[in-house]
Amino acid sequence: EVQLQASGGGLVQPGGSLRLSCAPSGFALADYNIMWFRQAPEKEREGVSCISEKDSLTYYADSVKGRFTASRDNAENMVYLQMNSLKPEDTAVYYCATAPWCTSAIATLGNTAHSWGQGTLVTVSS
């Protein structure tokens, strides 16, 4: 079964940083667009970033642009999300998933995500 597991979340103070990792089971991440999306209580799913299969182009929601950076290491078969300058509104469960496409409208594409598994909780609080 194709599935992706996110890890690396935790409790961090506002302004702090975290790096999330995304590990696949049973397939090569290099063959897929990989999306990060987040789900906060009583909020709609929000696409956060996407890194394309081809050329590793990256796209970000306006809410995280300039603070989050997605990257991939095809040799290690991993994808990462570096999150800096974290804000309380970034608090959510974060998931990584395959995506049919990556575009600048990533914030609205959360429902196109596939093959996500366990998410990781990020809590930004003082």
Side-chain angles (χ1 to χ4, degrees):
E1 180 184 5
V2 172
Q3 204 169 58
L4 294 163
Q5 305 295 334
S7 62
L11 173 63
V12 63
Q13 292 187 341
S17 298
L18 283 172
R19 189 177 82 151
L20 305 185
S21 299
C22 176
S25 59
F27 67 101
L29 286 177
D31 296 334
Y32 293 86
N33 302 315
I34 302 299
M35 171 196 300
W36 289 93
F37 68 89
R38 62 190 181 187
Q39 185 77 60
E42 301 182 0
K43 290 188 177 180
E44 292 191 4
R45 182 186 300 175
E46 178 187 21
V48 171
S49 76
C50 195
I51 183 164
S52 67
E53 166 204 359
K54 196 172 183 179
D55 300 329
S56 293
L57 297 177
T58 52
Y59 301 83
Y60 301 95
D62 287 343
S63 59
V64 306
K65 199 172 291 182
R67 301 187 297 121
F68 289 13
T69 303
S71 62
R72 67 195 311 154
D73 185 333
N74 291 336
E76 296 293 326
N77 204 25
M78 295 287 287
V79 169
Y80 302 99
L81 185 68
Q82 178 67 41
M83 306 189 299
N84 299 329
S85 302
L86 282 161
K87 303 176 181 180
E89 51 263 44
D90 294 320
T91 296
V93 179
Y94 284 72
Y95 300 84
C96 56
T98 60
W101 49 77
C102 289
T103 77
S104 57
I106 184 61
T108 63
L109 298 179
N111 289 332
T112 66
H114 287 280
S115 304
W116 69 90
Q118 177 180 303
T120 187
L121 176 63
V122 172
T123 303
V124 185
S125 175
S126 55

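Heavy-atom basis, side chains included; hydrogens, waters and symmetry copies ignored.
Contact record, Gly117 with Gln3: CA-CG, 3.6 Å, taken as the closest heavy-atom pair. Arg45 approaches Ala113 most closely through the heavy-atom pair NH1-CB, 4.5 Å. Residue Ala61 comes nearest to Ala107 through the heavy atom pair CB-CB, 3.8 Å, listed as atom of the first residue, atom of the second, then distance. Closest heavy-atom contact between Tyr60 and Phe68: CE2-O, 3.3 Å.
Put simply, the side chain of Cys102 does not reach to within 4.5 Å of the side chain of Leu57, judged on heavy atoms. Phe27 has its side chain within reach of Tyr32: a pair of non-hydrogen atoms, C-beta onward, lies under 4.5 Å apart. Residues Met83 and Val12 have side chains not in contact (no heavy-atom distance under 4.5 Å, counting atoms from C-beta outward). Counting heavy atoms from C-beta on, the side chains of Leu4 and Ile34 come closer than 4.5 Å. In this structure, Asp90 and Val48 have side chains that are not in contact, with every pair of non-hydrogen atoms separated by 4.5 Å or more.
Between the side chain of Thr112 and the backbone N or O of Ala99 there is no donor-acceptor pair closer than 3.5 Å. With Thr91 contributing its side chain and Val124 its backbone, the two residues share a donor-acceptor pair below 3.5 Å. Panel note: side chain Arg38, backbone Ala92; no donor-acceptor pair is recorded below 3.5 Å. Without hydrogens or angle criteria, Asn77 side chain to Leu29 main chain gives a donor-acceptor distance under 3.5 Å. Distance alone, capped at 3.5 Å, is enough to place a donor-acceptor pair between the Gln5 side chain and the Gln118 backbone. Panel note: side chain Thr69, backbone Gln82; no donor-acceptor pair is recorded below 3.5 Å.
A salt bridge links Asp62 to Lys65: one of the charged nitrogens lies within less than 4.0 Å of a carboxylate oxygen.
Hydrophobic cluster membership of Met78, counting Ile, Leu, Val, Met, Phe, Trp and Tyr whose side-chain heavy atoms lie under 4.5 Å apart directly or via other members: Tyr80. Chaining together hydrophobic side chains whose heavy atoms lie under 4.5 Å apart places Val93 alongside Met35, Phe37, Tyr95, Trp101, Ile106, Leu109, Trp116, Leu121.
Judged by distance alone, the side chains of Asn84 and Ser17 do bring a donor and an acceptor atom under 3.5 Å apart.
Residue Leu81 is not grouped with residue Tyr59 when hydrophobic side chains (ILVMFWY) are merged at heavy-atom distances under 4.5 angstrom, including chains of intermediate members.
Put simply, OG1 on Thr98 and CD on Glu53 are 11.0 Å apart, with the number rounded to the nearest 0.5 Å. One finds the CG atom of Leu20 at 4.5 Å from the CH2 atom of Trp36 (value rounded to the nearest 0.5 Å). Here CG of Asn33 is found 6.0 Å from OG of Ser52. Values are rounded to the nearest 0.5 Å. Atom CG of Leu18 is separated from atom CG of Leu86 by 5.5 Å, given to the nearest 0.5 angstrom.
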